[in-house]
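Reminder, nothing fancy here: chain letters follow the sequence lines and each chain counts from 1.
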Amino acid sequence: MKTKSFSQKVYSALKKVPKGKITTYKELARAVNSKAYRAVGTAMNKNPQGFLSGGKIPCHRVVNSDGRVGKFASGTKKKIEMLKKEGVSISKEKVEDFGKFLFNLNKIS
DNA sequence: TCGAATGACAGCG
DNA sequence: CGCTGTCATTCGA
């Protein structure tokens, strides 16, 4: 495994998330063996290589540990609708069965 | 409720 | 080029 940048690892982990599932900044940060929860979102925001640019980074599948969608580049509400189309139950701006749709990147035992 | 920690970027000198 | 402030967050007291 080559020494990838922190952000690069985050993208790779996020790409692993299947459709209809979501993940949290905390899990992503843990996937890269870091605790820079903020850096995960910040790096994405600075690198809009997400689904908007024809990329493969489902930034909209990333939510906060509280189940909140947090903030998104193209509009938080927009992501909520997308997630709902994927099958995720969201109320207002918060995921209901958040833990149920959560995808374990680290597959914690 | 508030502050600290952590990674990256923009602005300023 | 180097430092500071801010940010798509989280945790502990």
Touch class at under 4.0 angstrom, heavy-atom based, for A:S7 against every strand present: sugar-phosphate
Sugar-phosphate only, base, or nothing, as touched by A:F72 at under 4.0 Å among non-hydrogen atoms: base
Base-pairing mate for B:dC2 - Watson-Crick or G-U, with both contacts under 3.5 Å: C:dG12
Separation of atom CG in A:D66 from atom P in B:dT1, rounded to whole Å: 13 Å
Rounded distance (Å) that lies between atom C1' of C:dA8 and atom NZ of A:K78: 18 Å
Beyond-backbone contact of A:M44 with A:Y11, side-chain heavy atoms, under 4.5 angstrom: yes
A:I90 side chain near A:E96 side chain, heavy-atom distance below 4.5 Å: no
5'-most by nearest nucleotide on DNA chain C - A:K26 or A:V62: A:V62
Any side-chain heavy-atom pair of A:R61 and A:V17 under 4.5 Å: yes
Interatomic distance, A:K21 atom NZ to A:L105 atom CG [nearest 0.5 angstrom]: 11.0 Å
C:dC7 phosphate, OP1 or OP2, under 4.0 Å from A:N45 side-chain N/O: no
Between C1' of B:dG7 and NZ of A:K4, the distance in whole Å: 18 Å
Which nucleotide in B:dT6, B:dC9, C:dT10 has an atom nearest any side-chain atom of A:K46: B:dC9
Whole-Å gap separating P (C:dT9) and CZ (A:R30): 18 Å
For atom CZ of A:R68 and atom C1' of C:dT10, their distance in whole Å: 15 Å
P atoms of B:dG3 and C:dG5, separation to the nearest Å: 15 Å
Check: A:T42 side chain, B:dG7 base, donor-acceptor under 3.5 Å: yes
Nearest-angstrom distance from the residue atom NZ of A:K71 to C1' of C:dT10: 16 Å
Point-to-point distance, once rounded to the nearest 0.5 Å, from CG of A:N33 to NZ of A:K9: 7.0 Å
Donor-acceptor pair (no angle test) under 3.5 Å: A:Y37 side chain, C:dA8 base: no
Nucleotide nearest A:A36 when distance is taken to its side chain, options C:dT10, B:dG7, C:dA8: B:dG7
Under 4.0 angstrom between A:S34 side-chain N/O and B:dT6 OP1 or OP2: no
Rounded distance in Å - NZ (A:K94) to P (C:dA8): 19 Å
Length of the CE-P vector between A:M44 and C:dA8, whole Å: 14 Å
